[in-house]
Protein chains: 2
Amino acid sequence: MDLPIKISKDSREPIYHQIVNQFKALIAGGHLARGTPLPSIRALSKDLEISIITTRRAYQDLEVQGFIKTLQGKGTFVADISEDLKEEVKVTSVHNILENAVETALSYDYTLEQVKAIFLEILQAKEKGDS
Amino acid sequence: MDLPIKISKDSREPIYHQIVNQFKALIAGGHLARGTPLPSIRALSKDLEISIITTRRAYQDLEVQGFIKTLQGKGTFVADISEDLKEEVKVTSVHNILENAVETALSYDYTLEQVKAIFLEILQAKEKGDS
DNA sequence: TATACTGTGCATATAGATATATACAGTATA
DNA sequence: TATACTGTATATATCTATATGCACAGTATA
């Protein structure tokens, strides 16, 4: 299991929140099939150099939101969620953040045309060797 | 002076931060010309129902960043910043948030084409009666 | 059964945002 | 000059989010 979970300890966003969001994206995005075991809280904690409690909090949040399920003594696994739900999570997450970005641009007095132009530039940059 | 400063006390974003960002957008976006007086810290505090210290902190941050200047006893005013600087603030702020949104979409396994389609939908919605 | 894994619960530490009180100092103006 | 505005400084209190350490409990398996 070589999960691409990366956290920033300097970010304003809480660590447990970063973990939750990244797993949500991996699960809703289809990179983690149902039943797949997640790293144990101790393993992930050691890997990310954070406390067990922080990892646990992230896993608890994910469980409450229905993305994973934990079995004491056995481990933590990707929950059995429907494709519809995954799709809905994808759509709303991405829609919200994009809409928020547009709102911010408008608050800076950009016109819709300008926002579109900037956005298309960003996409073009991504199409080339950005990553 | 009827400033459109709105804060959310429930937001994860600190109140002073919300105030800073909104004034930045108003100033960089050209809605507040240089020399325009801002509300006094006491007036804004009362208006937003927050403490004077919180307002003061926001104003101090804005001053450090060069957007306003305060004169003891006189008040607080929009600073004399160049159009170039305003433009740079606009560009970087909006570019960053849009880029971040795209990154998030990619993390959810959307393709660039899909992101573009969703984005264009949002723009179209805005063009109609969204506000 | 021993042991080495899993997750769990509780009590606490730390940092940051915010609120409050108090006193001070500069400015405008009737 | 009186007063009613401005901003300033400082010290403290409170609340909350976040992170943590430690002891406990369930499970798998050699």
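Numbered from 1 within each chain, the chains take letters A, B, ... in sequence-line order.
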Complementary nucleotide of dG7(C), counting Watson-Crick and G-U pairs under 3.5 Å: dC24(D)

If you find the nucleotide of DNA chain D closest to I50(A) and the one closest to A43(B), which residue's nucleotide is nearer the 5' end? A43(B)

Does K24(A) make a cation-pi contact with F67(A) (under 6.0 Å, within 45 degrees of the axis)? no

Just checking, any donor-acceptor pair under 3.5 angstrom between side chains of S107(A) and T104(A)? no

Charged N-O contact under 4.0 Å between E113(A) and K116(A): no

Grab the CD1-P distance between I15(B) and dC15(D) for me, whole Å please. 16 Å

In whole angstroms, the gap separating P of dA19(D) from NZ of K9(A) amounts to 10 Å

Residue whose closest nucleotide on DNA chain D lies nearer the 5' end, E49(A) versus G75(B): G75(B)

For K74(A) and dT29(D), give me the distance from atom NZ to atom P, rounded to whole Å. 10 Å

Listed nucleotide nearest any side-chain atom of R42(B), set dA17(C), dG7(D), dT8(C): dG7(D)

Partner nucleotide of dT29(C) by Watson-Crick or wobble geometry (both distances under 3.5 Å): dA2(D)

Which whole-number value in Å describes the distance from Q72(A) CD to dG7(C) P? 9 Å

How many Å lie between CG on L44(A) and P on dG7(C), as a whole number? 10 Å

Would you call K126(A) and E103(B) a salt bridge, using N to O less than 4.0 angstrom? yes

Report the distance from atom CD1 of I41(B) to atom P of dC5(D), rounded to the nearest whole Å. 15 Å

Indicate whether the side chain of T76(A) and that of T70(A) have a donor and an acceptor atom separated by less than 3.5 Å. no

Phosphate OP1/OP2 of dC5(C) contacted by S40(A) side-chain N/O (<4.0 Å): no

Here the distance between atom P of dG7(D) and atom CZ of R57(B), to the nearest Å, is 18 Å

So, OP1 or OP2 of dT6(D): does either fall under 4.0 Å of a side-chain N or O from T70(B)? no

Need to verify one output field. Residue with the more 5' nearest nucleotide on DNA chain C, Y16(B) or I53(A)? I53(A)

Between P of dG7(D) and CZ of R56(B), the distance in whole Å: 9 Å

May I ask you to evaluate whether S51(A) reaches the phosphate of dG21(D), defined as a side-chain N or O under 4.0 Å from OP1 or OP2? no

What nucleic acid atoms does I52(B) come within less than 4.0 Å of, heavy atoms only: base, sugar-phosphate, or nothing? nothing

